[in-house]
Trainee: 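Before we start, here is the structure in question, set down as structure tokens.
Computed from a prediction, not measured in an experiment: that's the story for all the values here. Sequence lines set the chain letters: A, B, ... in the order given, protein chains first and strands last, and positions in each chain run from 1.
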Amino acid sequence: MKNPDTEDLYTRIWTLVSQITRGRVATYGQIATLAGSRRHARAVGYALKCAPMPLPWHRVINAKGEIAFPPTSTNYETQHKRLRREGIPVVNGRVDLKKYRWTPRDREFPDEYFAAET
DNA sequence: CATATGACCTATG
DNA sequence: TCATAGGCCATAT
């Protein structure tokens with residue numbers, strides 16, 4: 001991560017993820033959109049991987065409601081365990097986004113966060 | 001510079 | 001609901 005723009009992007013992603021409330025989940029695309037552009041869905045994963053501070057990364061899942069790690073990985077197990085521990089059911093490998101999707105509060109996210117991307 | 005690889009997403013049938 | 005196709009983009013090699 002040498003590019004300064006990328007660093008800004010990652011910083012916004014880290015801030016957003018840190019604000020996901022307990023017992024709720026957000027998707028990679030959702031975070032990317034809030035961070036400024038919905039095209040960076042893939043970059044969210046990278047940003048979480050190199051986060052310099054502890055973050056509730058387990059609250060970030062894909063658009064289908066699934067844990068994005070390979071089901072056989074230890075990362076998958078860790079995330080699954082943490083979600084269940086927060087009271088988020090994972091049935092058939094997926095979370096009900098209709099019920100558990102996190103939505104930012106207006107006060108936390110001023111209008112510029114939702115402005116059309118340039 | 002060219003490819004390949006993901007903690008991805010949407011549109012479409 | 002599932003599968004496929006095409007798109008996206010930071011990183012790694």
Trainee: The side chain of A/T6 is closest to which nucleotide in this list: C/dC8, B/dA7, C/dA10?
Mentor: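 For A/T6, the side-chain atoms sit closest to C/dA10.
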
Trainee: Think A/H40 has a side-chain N or O under 4.0 angstrom from the OP1 or OP2 of C/dC8?
Mentor: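 A/H40 to C/dC8 OP1/OP2: no side-chain N or O under 4.0 Å.
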
Trainee: Rounded to whole angstrom, note down the C1' distance from C/dT13 over to B/dC1.
Mentor: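 It comes out at 12 Å once rounded to the nearest Å.
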
Trainee: Report yes if the side chains of A/I61 and A/L97 come closer than 4.5 Å at any heavy-atom pair, otherwise no.
Mentor: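 Heavy-atom side-chain distance check passes, below 4.5 Å.
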
Trainee: Measuring from the side chain of A/R38 (C-beta onward, heavy atoms only), which nucleotide among B/dT10, C/dC2, B/dA7 has the closest atom?
Mentor: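 When the side chain of A/R38 is considered, B/dT10 is the closest of B/dT10, C/dC2, B/dA7.
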
Trainee: Roughly, in whole Å, what's the span from CD in A/Q30 to C1' in B/dC9?
Mentor: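 Computing the A/Q30:CD to B/dC9:C1' distance gives 13 Å.
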
Trainee: Within less than 4.0 Å of OP1 or OP2 of C/dT11, is there a side-chain N or O belonging to A/Y10?
Mentor: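 Affirmative; the distance criterion is met.
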
Trainee: What does A/R94 touch in the nucleic acid at a heavy-atom separation under 4.0 angstrom: a base, only the sugar-phosphate, or nothing?
Mentor: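 Counting heavy atoms under 4.0 Å across all strands, the contact made by A/R94 is with sugar-phosphate only.
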
Trainee: What distance separates A/W57 CH2 from A/K49 NZ, expressed to the nearest 0.5 Å?
Mentor: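 Taking CH2 in A/W57 and NZ in A/K49, the distance rounds to 13.0 Å.
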
Trainee: If you check every side-chain atom of A/T27, which of B/dA7, B/dC9, C/dC8 has the closest atom?
Mentor: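 Closest nucleotide to the A/T27 side chain: B/dC9.
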
Trainee: Whole Å only: how far is the CZ atom of A/R59 from the C1' atom of B/dA7?
Mentor: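 Interatomic distance, CZ of A/R59 to C1' of B/dA7: 17 Å.
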
Trainee: Name the closest nucleotide to the A/N62 side chain, picking from B/dC9, C/dC9, B/dA7.
Mentor: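 The nucleotide sitting nearest to the side chain is B/dC9.
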
Trainee: If I take atom CD from residue A/E77 and atom OG1 from residue A/T72, how far apart are they, to the nearest 0.5 angstrom?
Mentor: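 So the gap between those two atoms works out to 8.5 Å.
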
Trainee: Rounding to an integer number of Å, can you tell me how far A/I13 CD1 sits from B/dC8 C1'?
Mentor: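 Spelled out: CD1 on A/I13 to C1' on B/dC8 is 12 Å.
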
Trainee: Report the C-alpha distance between A/W14 and A/T11 in whole Å, list the side-chain angles of each, state the deciding distance to 0.1 Å, and finish with yes or no for side-chain contact (heavy atoms from CB on, under 4.5 Å).
Mentor: CA-CA 5 Å; A/W14 294 331; A/T11 299; 4.3 Å; yes

Trainee: Do the side chain of A/R42 and the base of B/dC8 come within less than 3.5 angstrom through a donor-acceptor pair of N or O atoms?
Mentor: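 Yes, the side chain and the base share a sub-3.5 Å donor-acceptor pair.
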
Trainee: Without decimals, in angstroms, what is the distance between A/E7 CD and C/dT11 P?
Mentor: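 So the two atoms are 10 Å apart, to the nearest Å.
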
Trainee: Return the nearest nucleotide to the side chain of A/A41; candidates are B/dA7, C/dC9, B/dC8.
Mentor: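 For A/A41, the side-chain atoms sit closest to B/dC8.
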
Trainee: Round to a whole Å and report the spacing from CD1 of A/I31 to C1' of B/dA7.
Mentor: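 Computing the A/I31:CD1 to B/dA7:C1' distance gives 13 Å.
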
Trainee: What nucleotide, of C/dC9, B/dC9, B/dC8, holds the atom closest to the side chain of A/A68?
Mentor: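 Nearest nucleotide to the side chain: B/dC8.
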
Trainee: How many Å lie between CG on A/L9 and C1' on C/dA10, as a whole number?
Mentor: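 About 9 Å, once rounded to whole Å.
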
Trainee: Could you measure between the two P atoms, the one in B/dA7 and the one in C/dG6, and give it in whole Å?
Mentor: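 That atom pair is separated by 23 Å.
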
Trainee: Quick one, A/R82 with A/R59, criterion side-chain contact (heavy atoms from CB on, under 4.5 Å). Give me CA distance, side-chain angles, the key distance, then yes/no.
Mentor: CA-CA 9 Å; A/R82 289 186 181 182; A/R59 295 175 188 152; over 6 Å; no

Trainee: Could you tell me how far apart A/N75 (CG) and B/dA7 (P) are, to the nearest whole angstrom?
Mentor: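 One finds 9 Å between P of B/dA7 and CG of A/N75, rounded.
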
Trainee: Distance check needed: B/dC8 P versus A/K64 NZ, whole Å only.
Mentor: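 Taking atom P of B/dC8 as the reference, NZ of A/K64 is at 9 Å.
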
Trainee: What is the base-pairing partner of B/dA11, counting Watson-Crick and G-U wobble geometry with both distances under 3.5 Å?
Mentor: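 Its partner is C/dT4 (Watson-Crick or G-U wobble, both distances under 3.5 Å).
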
Trainee: May I ask you to decide if A/K99's main-chain N or O and A/R24's side chain share a donor-acceptor pair within less than 3.5 Å?
Mentor: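 Indeed, once roles are kept as given, a pair shorter than 3.5 Å links the two residues.
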
Trainee: Output the single nucleotide from C/dA10, B/dC9, B/dA7 whose closest atom is nearest the side chain of A/L48.
Mentor: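 Nucleotide nearest to A/L48's side chain: B/dA7.
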
